[in-house]
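Inspection log for the structure reproduced underneath, given as structure tokens.
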There are 2 protein chains.
Amino acid sequence: MAKEITIYDIADKVGLSPTTVSRALSDSPSVRPKTKEKVNQAAKSLGYRSNIFAASLRKKSTHNIGVIVPRLNSSFQSSVLAGMENIASQAQYNLIISQSLESSKKEQTNALTMYNSHVDGLLVSMAENTGNTDHFKPFTEKGIPLIFFDRTPDEPSSPSIIIDNTQAAYAATSHLLDQGCRNIHHIVGNSGISTYKNRIKGFKYALMDRQLPYTEEQNIYSVLNEESGEEIANIILQIDPLPDGLVISNDACAASCIQYLKKKGIRIPQDIAIVGFNNDAISRLIEPNLSTINYPGYEMGEIAMRNLLLRLSENDDSPGTNETITLKSELIVRESSLKK
Amino acid sequence: MAKEITIYDIADKVGLSPTTVSRALSDSPSVRPKTKEKVNQAAKSLGYRSNIFAASLRKKSTHNIGVIVPRLNSSFQSSVLAGMENIASQAQYNLIISQSLESSKKEQTNALTMYNSHVDGLLVSMAENTGNTDHFKPFTEKGIPLIFFDRTPDEPSSPSIIIDNTQAAYAATSHLLDQGCRNIHHIVGNSGISTYKNRIKGFKYALMDRQLPYTEEQNIYSVLNEESGEEIANIILQIDPLPDGLVISNDACAASCIQYLKKKGIRIPQDIAIVGFNNDAISRLIEPNLSTINYPGYEMGEIAMRNLLLRLSENDDSPGTNETITLKSELIVRESSLKK
DNA sequence: TTTTAAAATGAAATCGATTTCATTTAAATT
DNA sequence: AATTTAAATGAAATCGATTTCATTTTAAAA
């Protein structure tokens, strides 16, 4: 293992003090351009790389941003991450990513690790079964910017980036009602997370606004992924009378559900009209094409990261507003919900 | 911003030296159990967290692993990352992830950033247009473990984790031949990457082994994603005579291609039989279900990370074997290729 | 009880960049 | 040319944990 070059080595080579070398390398205005050039050249020729530990030890900033997501291998989450990475790398920040795997316990461990790694800021999309947010307190207490996105706590004590889930579910449901559906069910995640709570609200309001009956039984709680589609389809098939419309909170899940329903001889949308959520690639590829809520993952990632960087650059200790940024989402109507 | 607690604060509180505190916290055998307990308790009550910079500055290890992928938001890549994260977090390592966006230039920048961030090891899946691997030299020169996965350089100077792309393409092509196809084309990534080169080999060998003609024109080079499917379909439609079989190196691309071909009145598999690559969720959901190569992303991630950690724990400076680990892949036959 | 060996603890140097404060050098002013 | 002012550089302290080497304490052996 070759020895690392330090600023002292550079200082020796160019006959200056380490102080000046340090300043030259960080492009300080109090160093002559000529000197800077000399130093930079020597640095390059020696193969110098800055020791970030020594630097961080003094500066107390890592240029690392932590991100905790439920799952890395989810089409929505990975889009968000892609957006975040894009902005972060432009600003010379690194991304430290970990996944909670929907486990509240692992989320706590992740948070602790992030804290101990001294990330400059933290972005979190919560695990489904996470009840409280105590494990994030160390961040807020130390003044480390913390922003939630998509899966946000019920009572946001920190800024959040979300879509208007109430409105989105309202739009999806209203659309089905417009298509003549009168027995709609709502497949939704089971948890205390605001995301799903609000979708349930939107579903309910859409019915109530038309003086149509709403009962809690219309919500079917389930894990939402490709695997659960069949299981959900079986539950649907046992409902009597058979529903004529479904709002399913996840496209991958909706797609596999549709596939199974079709196998069982159900016609989509004639027998059951369906709207999904996310506008995943799959929604454009299954038959019939899936109506869905377009949910801007990549943009959400970009916005969350920009917002975090903004807070980092505000070098004061201001408490910071706990605003909630709500992104637009839109209903995309395709064949799966068009009865007429 | 509250002041950080250091081992000196703990030392003061319990009336011991920082030395002993340091040793107690790292569970050194030369500290009495009683003393350890006292120190740990004080640490907890003071809200101590170790300053990793100070520690890293001395120990010269960060417990950070860098990963460079072409795209975060790809179903395959995010599975790989999920597998990596899983193993890394168990071993108390952090993942620093960045994406090259298929740009060789950005890959170089990423590599430099990783190098300057002093990652303990690096895992890389190369961008399509990356010709050489000079930008990874600093790692090998400094003895920092570097492992390539999936998209590996042509002449692996570092260990690689791949699947046998030659064999996989051979299997896909042979299957189509078994189905009676005699005019097969191969949709493949355009680049000098070994992945695609080997698939082309496999395609060719399958034909040659049956004494069937092979020409370079049978390979169609393209970007492989959902968006390019339509474009590719158009190219296919203009081939005269129309191919009766396609091997498409990516499921998402194959799916959108199938959709477009169907729109144009082509029957799958009767007119054209198709085999994809990756076993993405989409392959199980489109109609007809897509035959594909099952390509173990999650496992690949786990194996790559385990291998890297192994190299890190071998605390000697041994050159390390440049072995290539080849994972099994398998052809999954579904409707899209079954002519009989 | 004394001697010897082992276990436990501490003092101080170290890792390498940054920063405060002091000093030297150069440029501007009279 | 002498003085003032600004620009450029340097010495040394600092960040906090680790580690080497020395010292003290405790336990085991004589």
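Protein chains get the first letters and strands the later ones, always in sequence-line order, with residue 1 at the start of each.
If A:P18 and B:P18 are placed on DNA chain D by their nearest nucleotide, the residue sitting closer to the 5' end is A:P18.
Checked by distance alone, A:R23 brings a side-chain donor or acceptor within 3.5 Å of a matching partner on the base of D:dG10. In the interface, the side chain of B:R58 is not paired with the base of D:dT19 through any donor and acceptor atom under 3.5 Å apart.
Within 4.0 Å of A:P29, counting heavy atoms only, lie sugar-phosphate atoms of the nucleic acid but no base atom. Counting any heavy atom pair closer than 4.0 Å across all strands shown, B:Y8 reaches a base atom. At a threshold of 4.0 angstrom between heavy atoms, the contacts of B:T35 are confined to the sugar-phosphate backbone, with no base atom among them. No contact: B:I52 has no heavy atom under 4.0 Å from any strand. Contact annotation for B:L16: backbone-only contact, meaning every heavy-atom pair under 4.0 Å involves sugar-phosphate atoms and none involves a base.
Contact annotation: B:S17 side-chain N/O to C:dG10 OP1/OP2 distance is under 4.0 Å. For A:T19, no side-chain nitrogen or oxygen approaches OP1 or OP2 of D:dT9 to under 4.0 Å. Checking the phosphate oxygens (OP1, OP2) of C:dA17, a side-chain nitrogen or oxygen of A:Y48 falls inside 4.0 Å. When the side-chain nitrogen and oxygen atoms of B:S22 are compared with OP1 and OP2 of D:dA17, none of them lie within a distance under 4.0 Å. In this structure, A:K34 does not reach the D:dA8 phosphate: none of its side-chain N or O atoms is under 4.0 Å from OP1 or OP2.
The residues A:E85 and B:K106 are annotated as salt-bridged, a charged nitrogen and a carboxylate oxygen being separated by less than 4.0 angstrom.
The aromatic ring centroids of A:F136 and A:Y115 lie 6.0 Å or more from each other.
In A:E37, the CD atom is not crowded: 12 or fewer heavy atoms of neighbouring residues, nucleotides or ligands sit closer than 6.0 Å.
Distance B:D12 CG to D:dG16 P: 13 Å, rounded to the nearest Å.
The CG atom of B:N40 lies 10.5 Å from the OG1 atom of B:T35; values are rounded to the nearest 0.5 Å.
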